[in-house]
Peer 1: 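Please see the structure below; I have some questions.
Since the structure is predicted, the reported quantities are computational estimates derived from the model, not experimental observations. Counting starts at 1 for both ligands and their atoms, in listed order. By convention here, the first residue in the shown sequence is residue 1.
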Amino acid sequence: MTANYPGTRLRRTRATAWSRSLHRETLITPADLIWPLFVTEGSGVEDPIGSLPGVSRWSVDGIVARAKEAVALGIPVVALFPNTQPDRRSDDGAEAHNPDNLMCRAIRAIKDACGDDIGVLTDVALDPYTAHGQDGLLDKSGYVTNDDTVAVLVDQAINQAEAGADIIAPSDMMDGRVRAIRMALEMGEHHNVQIMSYAAKYASAFYGPFRDAVGSGGLLKGDKKSYQMDPANGDEALREVEFDIAEGADSVMVKPGLAYLDIARRVKDAFGVPVFAYQVSGEYAMIEAAAAAGAGDRDALVLETLLAFKRAGCSGVLTYHAPHAARLLNG
Ligand code: PBG
């Protein structure tokens with residue numbers, strides 16, 4: 001209960017910086033950030049991504065340098081995505097379970113260099129490995145099959161865990177994949193490998209620059225609406241999360257971020273589990289474009305959007321702004 005004006009003047013506590021600081025409800029720190037990184041072949045390679053200004057693909061040596069940078073900045077986790085060379089993409093995405101693929105080499109190199117000073121999160125889905133750019137296997141009609149795809153995703157996840165991945169993040173939206181991956185991890189004695197499931201992942205228009213970054217955009221025909229969620233749905237997101245938790249996910253992700261903050265909040269309120277949001281490539285590009293156009297101050301836009309995720313109940317945020325935000329937050 002609050003007294004009426006003028007007994008209560010809500011502006012009183014806002015009048016000075018010290019008081020605003022004392023009354024602040026939400027805090028963002030570098031420890032809340034997960035830094036997504038794109039890996040490419042070669043050595044000494046930095047390959048800027050046109051649609052993601054300020055973000056590059058790095059060869060494995062550069063990825064190790066970024067991981068060390070993350071440790072120095074206080075960022076606890078990096079997320080890896082491979083730009084698989086074209087001749088290693090195939091209809092069945094077999095490169096995903098090659099123990100010496102780009103992803104596994106990057107995981108091993110980071111773990112060799114940084115050990116447990118940093119967590120390595122790896123994406124499980126076939127789109128960086130398929131010749132058709134879909135996240136799963138196609139049947140004759142072009143439909144992305146569920147159960148056959150899950151079997152391959154399990155192999156992919158185990159391949160990553162064997163290489164040293166700390167958090168397996170299935171982003172494919174197949175039904176039942178969390179249970180299958182969890183059982184396989186347990187059987188392989190990877191008892192402490194976490195699963196952060198992309199539980200509520202929407203068929204979104206905000207993924208364009210990412211698809212450029214992993215080289216799947218030009219290959220993709222059609223869309224991903226038969227497995228990723230309809231942006232119109234919220235109740236369904238709660239069912240997705242409920243399933244993934246029951247199947248053995250340690251944490252869940254909502255994706256994209258800003259346009260889906262209501263989902264993050266509902267998930268947090270309904271289940272009380274660790275929730276993460278992915279501020280995706282298109283969101284990053286929009287902030288960069290707005291700043292470049294003089295429509296807003298870049299640093300302020302970055303910090304305000306990240307704070308919004310924390311206020312919505314998220315434990316952390318995957319964001320391409322992670323190193324920049326961490327530098328700002330570290331002063
Ligand atoms: C692949 C995957 C995508 C993203 C993360 N993992 C793209 C997609 O589903 O098409 C998007 C991330 C971003 O846009 O930053 N399954």
Side-chain angles (χ1 to χ4, degrees), residues 33-39 49-57 77-84 89 93 95-96 102-103 121-130 132-138 144 146 149-150 152-153 156-157 160 165 167-175 177-178 181 195-231 240 244 252-260 276-289 305-306 309 317-322:
L33 305 174
I34 298 175
W35 183 5
L37 293 168
F38 297 104
V39 198
I49 300 157
S51 54
L52 278 178
V55 178
S56 296
R57 304 176 193 92
V77 181
V78 292
L80 301 181
F81 299 94
N83 184 308
T84 307
R89 298 182 194 228
E95 180 66 5
L102 191 53
M103 194 70 168
L121 179 151
T122 55
D123 198 79
V124 167
L126 296 184
D127 53 317
Y129 309 94
T130 52
H132 45 69
Q134 293 286 0
D135 292 21
L137 304 175
L138 307 184
V144 175
N146 194 85
T149 296
V150 169
V152 181
L153 296 176
Q156 181 184 17
Q160 294 172 350
I167 308 178
I168 301 293
S171 73
D172 53 285
M173 291 298 283
M174 300 300 123
D175 288 323
R177 88 283 206 214
V178 172
I181 291 170
I195 298 177
M196 180 187 292
S197 76
Y198 289 69
K201 174 171 176 178
Y202 288 85
S204 170
F206 286 101
Y207 304 149
F210 172 96
R211 292 177 189 169
D212 293 344
V214 299
S216 68
L219 302 173
L220 184 66
K221 291 170 210 75
D223 56 45
K224 300 189 177 183
K225 290 179 184 170
S226 81
Y227 45 108
Q228 299 179 350
M229 283 182 57
D230 183 340
E240 285 283 2
D244 285 4
V252 293
M253 200 196 297
V254 173
K255 177 183 173 193
L258 280 185
Y260 298 84
F276 292 82
Y278 198 145
Q279 185 175 42
V280 299
S281 57
E283 299 179 64
Y284 172 94
M286 272 172 40
I287 291 173
E288 292 299 309
T305 55
L306 294 178
F309 291 107
V317 191
L318 287 91
T319 175
Y320 302 95
H321 280 123

Peer 1: What protein heavy atom is closest to atom 14 (O) of ligand 1, reported as residue, atom name and distance in Å?
Peer 2: S281 OG, 2.7 Å
Peer 1: To which protein heavy atom is atom 8 (C) of ligand 1 closest, and what is the distance rounded to 0.1 Å?
Peer 2: K224 NZ, 3.3 Å
Peer 1: Does the N83 side chain pair with the main chain of A213, one donor and one acceptor, at a distance under 3.5 Å?
Peer 2: yes
Peer 1: Tell me, which protein residue and heavy-atom name are nearest atom 2 (C) of ligand 1, and how many Å apart are they?
Peer 2: K201 NZ, 3.3 Å
Peer 1: With a cut-off of 4.0 Å, which atoms of ligand 1 are near a heavy atom of D127?
Peer 2: 1 (C), 2 (C), 16 (N)
Peer 1: Verify, without hydrogens or angle tests, whether Q160 (side chain) and D123 (backbone) share a donor-acceptor contact under 3.5 angstrom.
Peer 2: yes
Peer 1: At under 4.0 Å between heavy atoms, is it the side chain or the backbone of Y278 that contacts ligand 1, or both, or neither?
Peer 2: side chain
Peer 1: Identify the protein heavy atom lying closest to atom 12 (C) of ligand 1, giving its residue, its atom name and the separation to 0.1 Å.
Peer 2: F210 CD1, 3.3 Å
Peer 1: Side chain or backbone of D135 under 4.0 Å from ligand 1, or both, or neither, by non-hydrogen atoms?
Peer 2: side chain
Peer 1: Keeping the roles fixed (side chain from S197, backbone from P170), state whether a donor-acceptor pair exists under 3.5 Å.
Peer 2: no
Peer 1: Does F206 have more than 12 heavy atoms from other residues, nucleotides or ligands lying within 6.0 Å of its CZ?
Peer 2: no
Peer 1: So, is Q228 polar-close to ligand 1, with some N/O to N/O distance under 3.5 Å?
Peer 2: yes
Peer 1: Under 6.0 Å from the ring centre and within 45 degrees of the ring axis: does the NZ or CZ of K255 meet both conditions for the six-membered ring of Y207?
Peer 2: yes
Peer 1: I'd like to check which ligand 1 atoms, numbered from 1 as shown, lie under 4.0 Å from a non-hydrogen atom of R211.
Peer 2: 8 (C), 10 (O)
Peer 1: Between F38 and F210, is the gap from one ring center to the other below 6.0 Å?
Peer 2: yes
Peer 1: Which atoms from ligand 1 have a heavy atom of A125 less than 4.0 Å away?
Peer 2: 16 (N)
Peer 1: When you measure from the side chain of Q134 to the backbone N and O of V144, does any donor-acceptor pair fall under 3.5 Å?
Peer 2: no
Peer 1: Is ligand 1 under 4.0 Å from a heavy atom in the side chain of S171, in the backbone, in both, or in neither?
Peer 2: both
Peer 1: Give me the nearest non-hydrogen protein atom to atom 5 (C) of ligand 1 as residue plus atom name, then the distance to 0.1 Å.
Peer 2: K255 NZ, 2.6 Å
Peer 1: For D135, does its backbone N or O pair with a side-chain atom of Y227 as donor and acceptor, under 3.5 Å?
Peer 2: yes
Peer 1: Does D172 approach ligand 1 within less than 4.0 angstrom via side chain, backbone, both or neither, non-hydrogen atoms only?
Peer 2: neither
Peer 1: Checking side chain to side chain contact (heavy atoms under 4.5 Å, CB included) against P256, which of Q279, K201, E283 comes through?
Peer 2: E283
